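Worth saying up front: this structure is predicted, and the values here are computed from it rather than measured. Only this structure's heavy atoms are used, side chains among them; waters, hydrogens and symmetry mates stay out.
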Amino acid sequence: MISVCIPVYNGARVIDRALRSVEAQTMAPGEILVVDDGSTDDTTELLERWQAAGRLRYVRQANGGLPCARNTGAREMRGTWMVPLDADDELDPHALERAHAAVEKTPGAGWCVTDIVRVGSDGEDVFTTTLPEGPTRGWLPAMLERNFVERTILLRRDMPLSLGGYDEAFRIYEDWELNIRMIQAGVVVAYAPGPLYRYIKTEGGITGNVPRMLAGFARLYARHHRPLADTGDPVLRHIYARRMWALGRDYARAAA
């Protein structure tokens with residue numbers, strides 16, 4: 001069974017759109033689970049109406065951030081597969097059908113990745129996930145260089161839980177951080193050509209907060225890149241050096 005898990009915080013203005021995109025799927029999910037991460041707007045009242053109509057199930061928790069809400073969803077969901085959908089985004093109508101087909105034809109798959117459409121005031125752009133060649137365990141350098149996964153569209157529930165879940169210390173780049181751990185663990189990846197996920201750029205979103213983005217990079221590099229560089233592997237050392245050089249350059253530009 002597939003559970004669509006939607007974390008939301010003060011998303012009353014946008015979550016209807018996300019929910020309608022789930023209801024429009026050519027392959028219906030077994031469950032829609034919304035985790036209300038301590039909203040203070042009208043989100044709770046809206047979710048109560050949807051739940052009363054039998055269209056979803058929701059749980060409410062004290063505000064803990066997006067990774068915390070995703071972990072709650074993974075623990076509370078009833079399905080074997082999780083679709084992590086952000087409250088201000090949408091799914092393509094064929095997303096579940098095509099993602100499910102991709103994992104069915106990929107023996108041992110633990111997650112499925114796809115392409116995205118980024119929707120902004122200036123139009124739409126498609127970003128494609130390009131997977132490295134060779135076995136997954138050899139993908140680590142490519143993933144450290146950049147998060148080449150545009151979007152995880154389907155995730156076995158036991159994958160993040162067995163690896164400790166999303167790291168709740170990360171309020172940005174939590175997907176990249178988990179991707180690194182899954183590749184290190186050799187989790188088999190399926191690919192569903194898309195774009196099956198619609199990322200809606202919203203005013204005041206994380207990607208417009210440069211100091212927060214740079215701090216997120218610094219935390220990620222300290223968590224993974226530096227310890228791996230300290231193993232002495234020349235490839236990993238060079239990646240760490242390049243990423244830190246770029247980070248220093250971007251901090252300088254932000255301060256100029």
Would you say that more than 12 heavy atoms from the other residues, nucleotides or ligands in this model lie under 6.0 Å from the [atom1] of [X], or not?
{"X": "Glu133", "atom1": "CD", "value": "no"}
{"X": "Arg13", "atom1": "CZ", "value": "no"}
{"X": "Arg237", "atom1": "CZ", "value": "no"}

With a 4.5 Å heavy-atom cut-off, do [X] and [Y] have their side chains touching?
{"X": "Ile172", "Y": "Met213", "result": "yes"}
{"X": "Asp233", "Y": "Leu228", "result": "no"}
{"X": "Val4", "Y": "Leu96", "result": "yes"}
{"X": "Ile180", "Y": "Leu140", "result": "yes"}
{"X": "Leu214", "Y": "Leu247", "result": "yes"}
{"X": "Pro107", "Y": "Val188", "result": "no"}
{"X": "Pro67", "Y": "Glu168", "result": "yes"}

Run through Leu47, Val59, Leu66, Val8 and flag the one making a side chain to side chain contact (heavy atoms under 4.5 Å, CB included) with Val35. Val59

From the list Thr152, Val103, Leu155, side chain to side chain contact (heavy atoms under 4.5 Å, CB included) partner of Cys112 resolves to Val103

Donor-acceptor pair, side chain of [X] and main chain of [Y], under 3.5 angstrom:
{"X": "Arg212", "Y": "Arg171", "result": "yes"}
{"X": "Arg157", "Y": "Arg75", "result": "yes"}
{"X": "Glu90", "Y": "Ser21", "result": "no"}
{"X": "Trp176", "Y": "Val149", "result": "no"}
{"X": "Gln25", "Y": "Asp92", "result": "yes"}
{"X": "Thr43", "Y": "Ala12", "result": "yes"}
{"X": "Thr231", "Y": "Pro227", "result": "no"}
{"X": "Asp86", "Y": "Asp88", "result": "no"}
{"X": "Gln51", "Y": "Tyr58", "result": "yes"}
{"X": "His224", "Y": "Leu220", "result": "no"}

Determine, using the 4.5 Å side-chain heavy-atom cutoff (strictly less than), whether [X] and [Y] are members of one ILVMFWY cluster.
{"X": "Met1", "Y": "Val83", "answer": "no"}
{"X": "Leu161", "Y": "Ile2", "answer": "no"}
{"X": "Trp139", "Y": "Leu163", "answer": "yes"}
{"X": "Val210", "Y": "Tyr251", "answer": "yes"}

[Y] versus [X], side-chain donor and acceptor atoms under 3.5 Å:
{"X": "Tyr197", "Y": "Asp89", "result": "yes"}
{"X": "Asp36", "Y": "Thr44", "result": "yes"}
{"X": "Gln61", "Y": "Asp37", "result": "yes"}

[X] side, atom [atom1]; [Y] side, atom [atom2] - distance, nearest 0.5 Å:
{"X": "Asp230", "Y": "Leu236", "atom1": "CG", "atom2": "CG", "result": "10.5 Å"}
{"X": "Trp50", "Y": "Asp16", "atom1": "CH2", "atom2": "CG", "result": "5.5 Å"}
{"X": "Phe217", "Y": "Arg243", "atom1": "CZ", "atom2": "CZ", "result": "6.5 Å"}
{"X": "Arg156", "Y": "Asp158", "atom1": "CZ", "atom2": "CG", "result": "4.5 Å"}
{"X": "Thr128", "Y": "Phe148", "atom1": "OG1", "atom2": "CZ", "result": "14.0 Å"}
{"X": "Leu85", "Y": "Arg198", "atom1": "CG", "atom2": "CZ", "result": "12.5 Å"}

In the hydrophobic cluster built from side-chain contacts under 4.5 Å, what are the other members alongside Val126? Val117, Val119, Ile200

If you group Ile, Leu, Val, Met, Phe, Trp and Tyr whenever their side-chain heavy atoms sit less than 4.5 Å apart, what else falls in with Trp245? none

Thr136/Val187 under side-chain contact (heavy atoms from CB on, under 4.5 Å): CA gap, chis, key distance, verdict: CA-CA 7 Å; Thr136 307; Val187 182; 5.9 Å; no

Answer yes when Asp42 and Arg49 have at least one side-chain N-carboxylate O distance shorter than 4.0 Å, and no when they do not. no

Restricting to side chain to side chain donor-acceptor pair (under 3.5 Å), what partner residues turn up for Arg55, sequence neighbours left out? Glu23

My understanding is that only residues two or more places apart in sequence, or in another chain, count here; which of them pass ring-ring contact (aromatic ring centres under 6.0 Å, His included) with His225? Tyr221

Can you tell me which residue pairs pass the side-chain hydrogen bond (donor to acceptor under 3.5 Å, both in side chains) test with a partner in residues 109-123, sequence neighbours excluded? Asp115-Tyr191

Residues pairing under side-chain hydrogen bond (donor to acceptor under 3.5 Å, both in side chains) where one sits in residues 178-190, two or more places apart or in two chains, turn out to be Asn147-Asn179, Glu177-Arg181

